[in-house]
Amino acid sequence: MAKVKNNKLKARLPRGFTDRSAADIRATDEMLSKIRTVFERYGFDPVETPAFEYTDCLGKFLPDTDRPNAGVFSVQDDDEQWMSLRYDLTAPLARHVAENINEIQLPYRTYRAGYVYRNEKPGPGRFRQFMQFDADTVGAAGVQADAEICMMAADTMEALGIARGAYVIRVNNRKVLDGVMEAIGLGGEENAERRLTVLRAIDKLDKFGPEGVRLLLGDGRWDGGEEGKGDFTRGARLDDEQVDTVMKFTAGVTHGLPTSKGGSDRDLGDMKTWSIDGEEYFTDNRTTCLTLLHSVRDNPLAKEGLNELLQIASLAESAGYGSRRILIDPSVVRGLEYYTGPVYEAELLFDVTNEKGEVVQFGSVGGGGRYDGLVKRFTGRDVPATGFSIGVSRLATALKNLGKLGTDDVVPPVLVTVMDGDTEALGRYQKMAQALRDHRSDDYPNGIRAEMYQGNWKKFGNQLKYADRRGCPLAIIQGSDEREAGEIQIKDLIEGKRLSGEITDNVTWRESRPAQVTVKEAELVERVKAMLAEQAEDRAKAGN
RNA sequence: GCAGACGUAGCUCAGUUGGUUAGAGCGUCGGAUUGUGGCUCCGAAGGUCGGUGGUUCGAAUCCACCCGUCUGUACCA
């Protein structure tokens, strides 16, 4: 015999992709359903687009070639047209709206969940296929649409079980940073590259802190945090004055008012508060906007952006959403490409520890903004739009580590064991399983999960072993003895497992048949129900 | 992409200065036990030492390249 094993195909999962377990799928379904409930309540309707789009519709060709951008998975169709897997849900939505613009009633409020694909370096908690859940309002130009999206984002966080104060929706406006960069002389086409560098630097505030960002705005920064360590990242090469201006706008510039002064005509119930020297302050979005407005009064673009932010803050506050939930924060950058106005980011404020017990920097679990130009690319017509996207896979990881995500509470099926393999006997066993499945009651609106053993029935021990490993709560046993007496045995596998600790002798263990009751065959369903109820009660007790 | 660390059985890891047939624990499978899970005992299977090439009488060990994993960083629509 030649070595067949040399020809064995190696089973391997593509890197950056993952198989999902039953527990994962159930937990994610639960999350999706909670998110969907909020979106539906706000009057959004679902629409779905496919995973593939023509690459030009995604706008992702490399600038200097006719090949798609390296970051997207692409294939060529029969006719050599490039197609790509979608890398977000926004660009495909713009395509859908443009293509159906005559049928769609604007403003169009819509949501969708789906996998998106990015050809990037994967890492722990970072995949090349992951799920997003989007909501967009297309055809609404006013900032009230943006304010609404932020409020809905906050509601969604809470619907998922994240307490108020444990998350925040940060809001900025692309026009503000663009205006500031214009004001320090970085306007114009020739500075586009430097503007990107500045935005990227600001985006790293939470990673490197103000000092690191200063380096990136200036000459540059070493990977390792100090000279000579790792690679060198080239900076934006701003001078000190320019750096100061940018930092003044971004690093820690949310402003507060003493509660005693600002509180007279304001509802402080949802404001973020803190104390210094015995005096209580609250974070005031309006003061943040007004202070910044004061310092940019020469720049029309920044002024416009800040006025929009001021409106968003006021609208949110009128609806009861204060700075604890929706925070004006001029350091928010978000993607660099298609956003044109307000941008938002949902951030978790609690520590997330991974399975190794390490605290991980979690960053944002969702974000979005206004993209007024995206549909216009197709239609030539102004179709302003704003939307928000939740990183479902990331958020699921965070919730799981927080213990907020359903540890699998689905009870495995009752196992009907097989003692005789002839057709008639198998029919009897199948009928028992069916009786459990067909049962309907308030506790079991969809029946009781049950299965007949489908493996080699001749080794009875293996059947119980299977049931044990599968976590089955009960096993139904009927051999010829029980059959003749019109009885069945129901074995409580959970209780039996507990008793096994007290029995060391195998003969006793086998003959005592712990936690096993003999009942009339006709009582099958009722007794199973009763025993499952007892187990549920025990679980509830242990859980508390 | 760049820099560094690592890669031995399904899993966790030993493996001496380069030296015969590469080991252990756990897990898996079979048996003790043909109608009862766990425990115990006995037995077995499982490895191209990440891959390819090179140095050598001889390579898991040394060298080169590649692949993969991890860490940092870049990019992230």
Side-chain angles (χ1 to χ4, degrees), chain A residues 3 5-8 10-16 58-60 68-72 84 86-92 94 116-124 126 128 130 132 196-197 200-201 203-204 207-208 212 216 220-225 228-234 333-339 356 358 363-364 367-369 371 374 389 391 415 417-420 456-472 475 477-483 489 491-516:
Chain A
K3 278 193 174 180
K5 63 189 74 160
N6 284 353
N7 296 326
K8 261 196 300 194
K10 170 99 174 157
R12 57 206 185 107
L13 189 62
R15 123 193 132 90
L58 297 175
K60 276 298 158 185
N69 186 312
V72 300
S84 297
R86 62 187 177 193
Y87 52 82
D88 70 11
L89 298 178
T90 309
V116 300
Y117 304 83
R118 295 185 187 180
N119 192 3
E120 292 167 357
K121 178 184 153 185
R126 217 182 143 147
R128 290 152 99 196
F130 57 96
Q132 289 192 335
L196 277 181
T197 310
R200 285 173 190 145
D203 203 25
K204 294 190 171 48
K207 202 167 184 179
F208 300 143
L216 286 170
R221 179 182 179 278
W222 291 92
D223 278 3
K229 283 209 178 157
D231 265 13
F232 185 72
T233 308
R234 200 182 147 91
V333 176
R334 287 306 295 173
L336 308 162
E337 203 131 354
Y338 53 59
Y339 290 125
K356 291 178 201 154
E358 302 157 340
S364 80
Y371 50 98
L374 214 46
S389 174
L415 182 74
T417 58
V418 175
M419 286 288 202
D420 286 299
N456 178 5
W457 62 274
K458 289 181 179 167
K459 306 207 170 179
F460 187 71
N462 283 350
Q463 300 195 36
L464 288 185
K465 199 164 162 184
Y466 167 85
D468 186 43
R469 295 204 180 165
R470 191 141 160 48
C472 293
I477 303 164
Q478 187 188 53
S480 54
D481 296 351
E482 292 87 358
R483 165 77 183 143
Q489 305 220 19
K491 189 177 184 72
D492 184 332
L493 292 163
I494 311 291
E495 178 66 3
K497 195 182 196 69
R498 196 183 64 74
L499 292 174
S500 77
E502 296 162 13
I503 304 171
T504 49
D505 170 47
N506 185 249
V507 176
T508 312
W509 163 243
R510 291 170 62 132
E511 289 178 353
S512 71
R513 298 185 178 178
Q516 196 165 328

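Chain identifiers are assigned alphabetically (A, B, ...) following the order of the sequence lines, protein sequences preceding nucleic acid strands; residue numbering begins at 1 within each chain.
- On a pure distance criterion of 3.5 Å, no polar donor-acceptor pair joins the side chain of A:K204 and the base of B:rU73.
- Remark: C1' of B:rG35 and CZ of A:F460 are 6 Å apart, rounded to the nearest angstrom.
- Taking a pair as Watson-Crick or G-U with both hydrogen-bonding distances under 3.5 Å, the stems of three or more pairs touching RNA chain B are B:1-7 with B:67-73, B:10-13 with B:23-26, B:28-32 with B:40-44, B:50-54 with B:62-66.
- Partners of A:S512 according to the side-chain hydrogen bond (donor to acceptor under 3.5 Å, both in side chains) rule, which considers only residues two or more places apart in sequence or in another chain, do not exist here.
- Distance alone, capped at 3.5 Å, is enough to place a donor-acceptor pair between the A:R128 side chain and the A:R15 backbone.
- A:Y338 contributes no side-chain N or O that, together with a main-chain N or O of A:A91, makes up a donor-acceptor pair within less than 3.5 Å.
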Using atom names, set out every protein N or O paired with an N or O of nucleotides 5-9 of chain B below 3.5 Å, distance rounded to 0.1 Å.
none

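- Where A:G16 and A:L493 each meet RNA chain B at their nearest nucleotide, the meeting point lying more 5' is that of A:L493.
- Applying the side-chain contact (heavy atoms from CB on, under 4.5 Å) rule to A:Q516 yields the partners A:I477, A:Q489, A:K491, A:R513; only residues at least two apart in sequence or on another chain are considered.
- A:R200 is not listed as a side-chain neighbour of A:V333, based on a closest heavy-atom distance of 4.5 Å or more.
- Here, B:rC76 and B:rC65 have their P atoms 31 Å apart, quoted to the whole Å.
- The interatomic distance linking A:Y466 (OH) with B:rU28 (P) rounds to 16 Å, in whole Å.
- A distance of about 12 Å separates the P atoms of B:rU61 and B:rU52, rounded to the whole Å.
- With distances taken from any side-chain atom of A:Y338 to the nucleotides B:rA77, B:rA74, B:rU36, the minimum falls on B:rA77.
- If you measure from atom CZ of A:R118 to atom P of B:rA77, you get 6 Å, rounded to the nearest angstrom.
- A straight line from CG of A:N119 to P of B:rC76 spans 15 Å, rounded to a whole angstrom.
- For B:rU73, the OP1/OP2 oxygens have no side-chain nitrogen or oxygen of A:R221 closer than 4.0 Å.
- A:G496 comes within 4.0 angstrom of a base, heavy atoms only.
- Within 4.0 Å of A:S480, counting heavy atoms only, lies at least one base atom of the nucleic acid.
- Side-chain N or O atoms of A:R221 include none that pairs as donor or acceptor with a backbone N or O of A:T233 at under 3.5 Å.
- For the pair A:E120 (side chain) and A:G71 (backbone), a donor-acceptor distance under 3.5 Å is absent.
- Residues passing the side-chain contact (heavy atoms from CB on, under 4.5 Å) test with A:Y339, sequence neighbours excluded: A:R174, A:R334, A:V343.
- Under the rule for a side-chain hydrogen bond (donor to acceptor under 3.5 Å, both in side chains), the partners of A:D492 that lie at least two apart in sequence or sit in another chain are A:Q535.
- Using a 4.0 Å cut-off, no side-chain N or O of A:R334 falls inside it from OP1 or OP2 of B:rC76.
- Applying the side-chain hydrogen bond (donor to acceptor under 3.5 Å, both in side chains) rule to A:T417 yields no partners; only residues at least two apart in sequence or on another chain are considered.
- Considering only residues two or more places apart in sequence or on other chains, A:K497 meets the side-chain contact (heavy atoms from CB on, under 4.5 Å) condition with A:D468.
- Between the side chain of A:K121 and the base of B:rG72 there is at least one donor-acceptor pair of N/O atoms closer than 3.5 Å.
- Atom C1' of nucleotide B:rU69 and atom CG of A:L13 are separated by 13 Å, given to the nearest angstrom.
- A search for side-chain contact (heavy atoms from CB on, under 4.5 Å) contacts involving A:R510 returns A:N506, not counting sequence neighbours.
- A donor and an acceptor atom never sit less than 3.5 Å apart when one is taken from the side chain of A:Q463 and the other from the base of B:rG35.
- Nucleic acid contact class of A:D481 (heavy atoms, under 4.0 Å, all strands): base.
- A:Q132 comes within 4.0 angstrom of nothing in the nucleic acid, heavy atoms only.
- A:Y371 comes within 4.0 angstrom of nothing in the nucleic acid, heavy atoms only.
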What protein N or O atoms touch nucleotides 38-45 of chain B N or O atoms at under 3.5 angstrom, if any, and at what distances?
{"from": "B:rG38", "atom 1": "N7", "to": "A:W509", "atom 2": "NE1", "distance (Å)": "2.6"}
{"from": "B:rG38", "atom 1": "O6", "to": "A:N506", "atom 2": "ND2", "distance (Å)": "2.1"}
{"from": "B:rG38", "atom 1": "N2", "to": "A:I503", "atom 2": "O", "distance (Å)": "2.1"}
{"from": "B:rC39", "atom 1": "O2", "to": "A:T504", "atom 2": "O", "distance (Å)": "3.3"}
{"from": "B:rC39", "atom 1": "N4", "to": "A:N506", "atom 2": "ND2", "distance (Å)": "3.0"}

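- Residues passing the ring pair (Phe, Tyr, Trp, His ring centres under 6.0 Å) test with A:Y117: none are found, sequence neighbours excluded.
- No hydrogens or angles were tested; on distance alone, a donor-acceptor pair under 3.5 Å links the side chain of A:R126 to the base of B:rC76.
- With hydrogens and angles ignored, a donor-acceptor pair under 3.5 angstrom links the side chain of A:K491 to the base of B:rU36.
- For B:rU33, the OP1/OP2 oxygens have no side-chain nitrogen or oxygen of A:K458 closer than 4.0 Å.
- For A:E495, the side-chain hydrogen bond (donor to acceptor under 3.5 Å, both in side chains) criterion is met by A:R498, not counting sequence neighbours.
- In this structure, A:R200 reaches the B:rC75 phosphate: one of its side-chain N or O atoms is under 4.0 Å from OP1 or OP2.
- At whole-Å resolution of the value, CG in A:L216 and C1' in B:rC75 are 14 Å apart.
- Interface remark: the A:Q516 side chain does form a donor-acceptor pair with the B:rU36 base, using a distance-only criterion of under 3.5 Å.
- The aromatic ring of A:Y87 stacks onto the base of B:rA77, its centre lying under 5.5 Å from the centre of the six-membered base ring with the two planes under 30° apart.
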